[in-house]
Colleague: 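Handing you this structure, nothing more for now.
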Amino acid sequence: MRITFKSAPNLGAEEHIMAEVPEVKSDPDAVLSKATLKASALLGLSNAELAKVLGISRPSVSRIASGSRHIDSLSREGEMALILVRIFRSLDQLVGGDSCRRTAWMTSHNKAIAGVPKTAIQTMHGLVHTIDYLEGISPS
């Protein structure tokens with residue numbers, strides 16, 4: 001892919017500068033891993049809690065964090081990771097990006113979820129119930 005840049009007109013130059021832009025192919029598993037780690041941190045989850053959410057071991061979470069392992073986007077843990085990222089995005093939209101409100105929501109009892117969201121999402125049922133609830137009340 002080539003991109004052409006014009007020189008600034010006030011510099012008096014009329015030649016074009018050609019730049020070679022490398023093709024970048026993203027790895028869906030690497031992208032999902034990075035997004036999951038970021039969502040987990042912003043939701044206030046520890047590595048042990050994230051391991052429960054994904055249904056994997058704590059050492060596996062450590063390997064994902066170090067970059068030596070990725071979440072397989074087509075696996076069950078990949079499905080759980082995608083839901084966790086959706087929970088973060090829905091909640092972040094709901095609280096307007098306010099980290100204090102996000103933390104308060106995650107750590108307070110919620111009648112609709114019948115528990116504390118941070119604890120509830122550590123089971124598959126709680127994870128799915130939480131995303132259903134958030135997407136149901138989300139101002140779209």
Side-chain angles (χ1 to χ4, degrees):
M1 169 187 260
R2 286 194 173 267
I3 298 178
T4 303
F5 297 94
K6 278 190 164 180
S7 297
N10 57 351
L11 296 177
E14 294 187 15
E15 68 256 5
H16 296 282
I17 300 169
M18 299 297 285
E20 191 68 34
V21 178
E23 293 282 332
V24 178
K25 292 185 179 183
S26 62
D27 175 4
D29 295 349
V31 171
L32 178 59
S33 298
K34 186 174 180 180
T36 302
L37 291 171
K38 185 167 185 170
S40 174
L42 293 171
L43 291 172
L45 300 176
S46 68
N47 280 358
E49 291 165 330
L50 178 58
K52 286 183 181 179
V53 171
L54 300 179
I56 60 176
S57 68
R58 276 197 251 171
S60 290
V61 171
S62 294
R63 286 191 292 275
I64 292 166
S66 73
S68 64
R69 177 187 187 282
H70 294 281
I71 296 171
D72 178 356
S73 58
L74 301 176
S75 69
R76 182 177 176 89
E77 78 183 43
E79 290 177 30
M80 301 299 110
L82 284 169
I83 295 170
L84 183 67
V85 172
R86 286 173 47 205
I87 286 172
F88 167 74
R89 292 183 58 162
S90 294
L91 180 56
D92 199 53
Q93 181 182 18
L94 185 68
V95 300
D98 185 325
S99 63
C100 292
R101 289 177 59 203
R102 184 174 49 245
T103 299
W105 192 90
M106 286 295 293
T107 57
S108 301
H109 188 273
N110 184 299
K111 286 182 183 179
I113 294 173
V116 176
K118 187 175 180 178
T119 304
I121 65 172
Q122 294 178 42
T123 67
M124 188 170 86
H125 173 76
L127 189 70
V128 172
H129 187 60
T130 301
I131 190 59
D132 286 346
Y133 173 72
L134 283 170
E135 288 183 346
I137 64 168
S138 182
S140 305

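Because the structure is predicted, anything quoted here is derived from the model rather than measured.
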Colleague: Do Ile83 and Val53 come within less than 4.5 Å of each other through their side chains, counting heavy atoms only?
Modeller: no
Colleague: Would you check if there is a donor-acceptor pair between the side chains of Ser60 and Ser57 at a distance under 3.5 Å?
Modeller: yes
Colleague: For Ser90 and Ile131, what are the C-alpha separation, side-chain angles and deciding distance, and is it a side chain to side chain contact (heavy atoms under 4.5 Å, CB included)?
Modeller: CA-CA 8 Å; Ser90 294; Ile131 190 59; 4.0 Å; yes
Colleague: Rounded to the nearest 0.5 Å, what separation is found between the CG atom of Leu91 and the CG atom of Leu134?
Modeller: 5.5 Å
Colleague: In this structure, would Val31 and Ile64 fall into the same cluster of hydrophobic residues linked by side-chain contacts under 4.5 Å?
Modeller: no
Colleague: Indicate yes or no: at least one non-hydrogen side-chain atom of Leu50 is less than 4.5 angstrom from one of Leu37.
Modeller: yes
Colleague: Side-chain heavy atoms under 4.5 angstrom apart, residues restricted to Ile, Leu, Val, Met, Phe, Trp, Tyr: same cluster for Val85 and Leu54?
Modeller: no
Colleague: Return the CE to CE distance between Met80 and Met124, rounded to the nearest 0.5 Å.
Modeller: 5.5 Å
Colleague: Hey, is the main chain of Asp72 close enough, under 3.5 Å, to the side chain of Ser75 for a donor-acceptor pair?
Modeller: yes
Colleague: What is the minimum heavy-atom distance between His70 and Ser33, and which atoms define it?
Modeller: CA-OG, 3.3 Å
Colleague: Could you check whether any side-chain heavy atom of Asp98 comes within less than 4.5 Å of a side-chain heavy atom of Arg102, counting everything from C-beta outward?
Modeller: no
Colleague: Determine the minimum heavy-atom distance between Val116 and Met106, stating which atoms define it.
Modeller: CG1-O, 3.3 Å
Colleague: Indicate, with yes or no, if Tyr133 and Val95 share a hydrophobic cluster defined by side-chain heavy-atom contacts under 4.5 Å among Ile, Leu, Val, Met, Phe, Trp and Tyr.
Modeller: yes
Colleague: Counting distance only, does the side-chain N/O of Thr123 pair as donor-acceptor with the main-chain N or O of Ala120 below 3.5 Å?
Modeller: yes
Colleague: So which atom in Ser62 and which in Asn47 form the shortest heavy-atom distance, rounded to 0.1 Å?
Modeller: OG-ND2, 4.2 Å
Colleague: Under a 4.5 Å side-chain heavy-atom rule over Ile, Leu, Val, Met, Phe, Trp and Tyr, are Ile137 and Phe88 clustered together?
Modeller: yes
Colleague: Do Ser73 and Leu82 have side chains that get closer than 4.5 Å, going by heavy atoms?
Modeller: no
Colleague: Nearest 0.5 Å, please: how far is CD in Glu49 from CD1 in Ile121?
Modeller: 8.0 Å
Colleague: Between Arg86 and Glu79, is the closest basic N to carboxylate O distance under 4.0 Å?
Modeller: no
Colleague: Using a 4.5 Å cut-off on heavy atoms from C-beta on, say whether the side chain of Ile71 contacts that of Asp29.
Modeller: no
Colleague: Do Leu45 and Leu84 touch side chain to side chain, with heavy atoms closer than 4.5 Å?
Modeller: yes
Colleague: Taking everything shown except Arg89 itself, do over 12 heavy atoms lie less than 6.0 Å from its CZ?
Modeller: no
Colleague: Within a strict 4.5 Å, meaning less than it, do heavy atoms of the Lys118 and Leu43 side chains meet?
Modeller: no
Colleague: Would a distance-only check, ignoring hydrogens and angles, find a side-chain to backbone donor-acceptor pair under 3.5 Å from Thr36 to Leu32?
Modeller: yes
